[in-house]
Amino acid sequence: DTEVTQTPKHLVMGMTNKKSLKCEQHMGHRAMYWYKQKAKKPPELMFVYSYEKLSINESVPSRFSPECPNSSLLNLHLHALQPEDSALYLCASSQEGIGHGYTFGSGTRLTVV
Amino acid sequence: AQSVTQPDIHITVSEGASLELRCNYSYGATPYLFWYVQSPGQGLQLLLKYFSGDTLVQGIKGFEAEFKRSQSSFNLRKPSVHWSDAAEYFCAVGTSGGYQKVTFGTGTKLQVIP
């Protein structure tokens, strides 16, 4: 299995809703990432998990809450989002050591109404 | 802090023609450099990477890139473009220490015409 699987593919939520994005990989990668990508922009790093511990939080608002229950699974819990949070949310994983590059999922397209 | 510049926002080439996408980086130490490709609405796929060794790197789908330290560049090339190569291409630089913080350039959109 050489894939990163993200669910759901599309999500529409209201500003008072609570929802979660899910990311799963079975490649044995011990680093996992959340990126946010606005239209016609590059991906921007949000969080990095290494060995199931949060190692980088790029000053992301608390309405985004990451969770890494085990080495294969990464969640992003969403609460009280704003319309400007609408974007493509990408999950990625990698082997230990930066030189390996990332394997990305195909993303969750989030629309906040 | 590291940064990446892709000076070309949009490039149009004819199918079968050669391609070169430009990338310049800024980083104090030896950088980790990557090229990724993204089709519309999709995630990113790693084309190739460089950290050390031979400065000409071969990747997937017939792409190659050349690292030139003196010019702080890592340009992507392909000798003959196919219509399926139309996509967004991102150059990225990663830090050599700490956890895997990768910064992406603003991207170059490639259009391929018959």
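Throughout, protein chains are lettered first and strands after them, A, B, ... in sequence-line order, and every chain is numbered starting at 1.
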| task | Please flag which part of A/Gln6 lies under 4.5 Å from any non-hydrogen atom of chain B: side chain, backbone, both or neither. | result |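 The answer is neither part of A/Gln6.
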| Is it the backbone or the side chain of A/Gln37 that comes under 4.5 Å from a heavy atom of chain B, or both, or neither? | side chain
| task | Kindly check if the number of other-residue, nucleotide or ligand heavy atoms within 6.0 Å of NE2 (B/His10) is above 12? | result | yes
| said: I need the residue from A/Arg109, A/Glu58, A/Lys40, A/Glu44 with the largest number of non-hydrogen atom pairs under 4.5 Å to chain B. | reply: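 Looking at each of A/Arg109, A/Glu58, A/Lys40, A/Glu44 in turn, A/Glu58 comes out on top.
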| Which distance, rounded to the nearest 0.5 Å, do you find between the CZ of B/Phe104 and the OH of B/Tyr36? |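 With rounding to 0.5 Å, CZ (B/Phe104) is 5.5 Å from OH (B/Tyr36).
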| Does A/Tyr33 have its ring centroid less than 6.0 Å away from the ring centroid of A/Tyr102? | yes
| query | Using a cut-off of under 4.5 Å for heavy-atom pairs, which of B/Leu46, B/Leu44, B/Ile9, B/Leu33 has the most such pairs with chain A? | reply |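 Looking at each of B/Leu46, B/Leu44, B/Ile9, B/Leu33 in turn, B/Leu44 comes out on top.
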| said: Could you go through B/Arg77 and B/Glu64, starting from their C-alpha distance and side-chain angles, then the distance that decides it, and tell me whether this counts as salt bridge (charged side-chain N to carboxylate O under 4.0 Å, His left out)? | reply: CA-CA 5 Å; B/Arg77 301 193 295 247; B/Glu64 66 178 26; 3.2 Å; yes
| query | Do we get B/Lys78 above B/Phe63's six-membered ring, with its NZ or CZ under 6.0 Å from the centre and within 45° of the axis? | reply | yes
| Which bit of B/Gln38 comes within less than 4.5 Å of chain A, counting heavy atoms only: side chain, backbone, both or neither? |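 The answer is the side chain of B/Gln38.
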